[in-house]
Amino acid sequence: MTGIPQPFGLLAEVTHQCPLHCVYCSNPVELFERSDELTTDDWLRAIRQAAELGVLQVHFSGGEPLVRGDLETLVAECRGLGLYTNLITSGLGLTERRAESLVSAGLNSAQLSIQGDTAESTNLVAASKRFDKKEAAARIIRDAGLPLNMNVVLHRVNLDRLDAIIDVCVSWGAERLELANTQYYGWALRNRELLLPSKTQLDEAVAVYERRKAELAERMELLWILPDYYEPYPKPCMGGWAQTALTVAPDGRVYPCPVAEEITTMEFASVRDHDLKWIWAESPAFQAFRGTDWMPDPCRSCSRKELDFGGCRCQAFALTGDAGRTDPVCIHSSDHHLVQDALDRANGGDGADPDTDREQLVYRRPTVSARRS
Ligand code: SF4
Ligand code: FES
């Protein structure tokens with residue numbers, strides 16, 4: 001594959017089924033049913049092809065990957081191929097027995113998500129009161145001998161509780177906590193008016209993060225995923241299009257990132273029909289925005305084009321309908337007003353108030369597209 005980079009990560013979205021209904025979910029708005037999902041043999045073939053392609057890590061995700069009864073078989077295949085495996089889970093459905101069988105199959109680590117620091121805040125964000133299950137899952141993960149990584153998506157509804165959220169993760173024994181400010185795609189874009197924090201709220205949260213990071217340095221690693229709407233330049237999304245990782249969706253279609261399924265103007269190939277090597281190296285969708293030749297102005301003549309690669313293709317599509325435009329987060333983008341207008345509303349007196357406008361939150365629900373069914 002001369003000149004084509006080698007991917008090191010595979011995100012295996014084994015199902016879209018999920019017991020939670022998070023208002024920020026980055027899964028596509030149109031979800032797959034169980035009957036659309038790849039079979040065990042399809043996944044085993046895809047994993048073998050990923051290893052041949054150079055992938056080193058496989059992250060099992062969804063939806064809730066524990067829904068799949070064949071997860072142990074897939075993990076065992078990865079172990080046989082020398083691949084590192086990580087389970088990205090809501091914790092709901094994780095029992096001692098399941099954790100033990102996954103560890104026996106070779107699972108290397110688990111990342112547990114929380115939505116808040118109480119059952120009430122979890123219910124507001126995810127329409128689920130099972131905070132107790134998450135606490136139990138943290139214990140199960142630790143007792144199974146796995147490192148406990150945790151993740152919380154931050155937004156206007158929970159940013160003011162950051163101190164308490166960090167306390168929860170410390171008390172549950174997390175070794176690493178990813179504080180991921182919401183990225184506005186999929187369901188999160190639908191709920192943007194209620195999720196986008198004010199600048200004041202964000203600055204206060206940054207102060208909390210920096211204080212706790214220093215305080216916990218010996219105990220827990222804290223990571224802060226930037227809220228890109230408040231940055232002058234876009235994030236170097238995925239390290240550039242089709243550079244470092246690939247995502248296989250529940251139905252077998254393959255994407256350069258977990259959100260690209262939302263780009264409805266592009267055709268993405270499936271592992272049901274093609275080898276992963278061809279999809280990665282030669283399929284038109286993976287070639288479309290690889291490198292810098294595709295860039296329009298202002299990126300084409302910008303000194304940052306090798307730093308941020310023109311930003312996020314999914315965000316460009318979500319906001320402008322054209323995945324080939326400069327990410328509107330960029331201050332040089334002619335579409336930047338689309339981001340600035342949202343920020344002005346979040347910081348103005350007439351912005352939505354999550355405490356009084358909660359009924360406006362749109363929860364993730366299993367809608368299935370006519371295209372797929
Ligand atoms: Fe990045 Fe393009 Fe903006 Fe330059 S113009 S900072 S390359 S998005
Ligand atoms: Fe798809 Fe950024 S999320 S390129």
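Reckoned from all heavy atoms, side chains included, excluding hydrogens, waters and symmetry mates. These figures come from a predicted structure and were not determined experimentally. Numbers here simply count residues along the sequence, with the first being 1. Start at 1 and go down the list; that is how both ligands and their atoms are numbered.
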Quiz prompt | Protein heavy atom at shortest distance from atom 7 (S) of ligand 1 | solution = Asp308 OD1, 3.3 Å
Practice problem: Check if Asp327 has a non-hydrogen atom at a distance under 4.0 Å from any atom of ligand 1. | Solution: no
Quiz item: How are the rings of Trp241 and Phe268 set to each other: parallel, tilted or perpendicular (split at 30° and 60°)?
Solution: tilted
Exercise. Please report which non-hydrogen protein atom sits nearest to atom 4 (Fe) of ligand 1, along with the residue it belongs to and the distance in Å to one decimal place.
Key: Cys302 SG, 2.3 Å
Practice problem: Would you please determine whether Tyr255 falls within less than 4.0 Å of ligand 2 on a heavy-atom basis? | Solution: no
Practice problem: Tell me which protein heavy atom sits closest to atom 3 (Fe) of ligand 1, plus the residue, atom name and distance to 0.1 Å. | Solution: Cys330 SG, 2.2 Å
Quiz item: Is Leu226 reachable from Leu202 through a run of hydrophobic residues whose side-chain heavy atoms are each under 4.5 Å from the next?
Solution: yes
Quiz item: Roughly how far, to the nearest 0.5 Å, is the CG atom of Leu196 from the CG atom of Asn347?
Solution: 7.5 Å
Practice problem: Please could you name the atoms of ligand 2 that Cys237 approaches to less than 4.0 Å, counting only its heavy atoms? | Solution: 2 (Fe), 3 (S), 4 (S)
Quiz item: What residue and heavy atom of the protein are closest to atom 2 (Fe) of ligand 1, and at what distance?
Solution: Cys299 SG, 2.3 Å
Practice problem: Within a distance under 4.0 Å of any heavy atom of Lys305, pick out the atoms of ligand 1 and give their elements. | Solution: 7 (S)
Practice problem: Mind reading off the angle at atom 1 (Fe) of ligand 2 between the SG atom of Cys314 and the SG atom of Cys257, rounded to 10°? | Solution: 100°
Quiz item: Identify the closest protein heavy atom to atom 4 (S) of ligand 2: which residue and atom is it, and at what distance?
Solution: Arg313 N, 3.5 Å
Quiz item: Counting heavy atoms only, which part of Pro234 comes closer than 4.0 Å to ligand 1: side chain, backbone, both or neither?
Solution: side chain
Quiz prompt | Side chains of His332 and Tyr233 in contact at under 4.5 Å (non-hydrogen atoms) | solution = yes
Exercise. May I ask you to identify, for Cys312, whether its side chain, its backbone, both or neither come under 4.0 Å of ligand 2 on a heavy-atom basis?
Key: both
Self-check item: Rounded distance (nearest 0.5 Å) linking atom CZ of Arg211 with atom CD1 of Ile166
Solution: 8.0 Å
Exercise. Please check if any side-chain donor atom of Thr85 sits under 3.5 Å from a side-chain acceptor atom of Asn108, or the reverse.
Key: yes
Quiz item: Shared ILVMFWY cluster between Ile141 and Leu92, side chains joined below 4.5 angstrom?
Solution: no
Quiz item: With distance as the sole criterion, is a donor-acceptor pair present between the side chains of Asp297 and Ser301 under 3.5 Å?
Solution: yes
